[in-house]
Amino acid sequence: MSSAITIDDQDVLLAVDLQADFMPGGALAVEDGHTIVPLINALARRFAYVAVTQDWHPPGHASFASVHEGAAPFQSKRLAYGDQTLWPDHCVQGTAGAELHPDFALDAAFLILRKGMHPGVDSYSAFVEADGKTTTGLAALLKARGVKRIFACGLATDYCVAFSALDARAAGFETFIIEDACRAIDANNSLDAAWARMNAAEVWRIQSRELLD
Ligand SMILES: [Zn+2]
């Protein structure tokens, strides 16, 4: 049993990719993805700073299996910057699938950060694109606002949430994943692998009750 965590104005809630295509019925559905939206709304009410990410790909994005001849979703392919898992077409700019969940209370958010917009480079992370060097500017923005701790939640635990959390740690933030406010894809053991990397990086795994109690 851990003691409650007190949220202050140096904390940010980072709500990752709560979009139609990642919800049941979407192009890249995460099981039970919609069930975390009310919980994230409750969490957002506790934070002075709420930042939101939105996967936002141009048509024909390099992460789509459909643009690689003979490739199928969930295969890995070597691209210019390294190995890339290929996905069904998802979160295409301006489509219904890219929209944030209608029940997600966005009013509390000071920022909606769109990512994955470069045609040839994916970006699971809210901080650094998949080439490992192109910054989104988010770390600098949060530091300029005095943020010290990042509390990440959303979809999916083992991809965009995990990559964002690892990059947040690398940028010097104390970083927490609110486990029950996330859902995972968990393909090819990806969830265990993500937790192993996050544990090694000292990304802290917490539950929402530690913030809400
Ligand atoms: Zn994507």
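Owing to the predicted nature of the structure, the values given are computational and were not obtained by experimental measurement. Computed from heavy atoms alone, side chains included, the values below leave out hydrogens, waters and symmetry copies. Just follow the structure's listing: the first ligand is 1, and inside any ligand the first atom is 1.
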Task: Atom name in Asp55, limited to N/O/S, at shortest distance from the Zn ion (ligand 1) - done: OD2
TODO: Kindly give the atom name of the N, O or S atom of His57 closest to the Zn ion (ligand 1).
DONE: NE2
Task: Sidechain N-carboxylate O distance under 4.0 Å for Asp17, Lys115 - done: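 Looking at Lys115 together with Asp17, the answer is yes, because their closest N to O distance falls below 4.0 Å.
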- [ ] Over 60° means perpendicular and under 30° means parallel, so classify the ring planes of Tyr159 and Tyr124, tilted if in between.
- [x]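 Taking Tyr159 first and then Tyr124, their aromatic rings stand perpendicular (interplane angle over 60°).
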- [ ] Kindly say whether Thr35 contributes a backbone atom to a donor-acceptor pair with the side chain of Asp32 at under 3.5 angstrom?
- [x]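 No.
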Open item on the list: Less than 3.5 Å apart, any donor N or O on the side chain of Asp83 or Ser76 sitting next to an acceptor on the other?
Closed with: no
- [ ] Specify whether an N/O/S atom of His90 falls short of 2.8 Å from the Zn ion (ligand 1).
- [x] yes
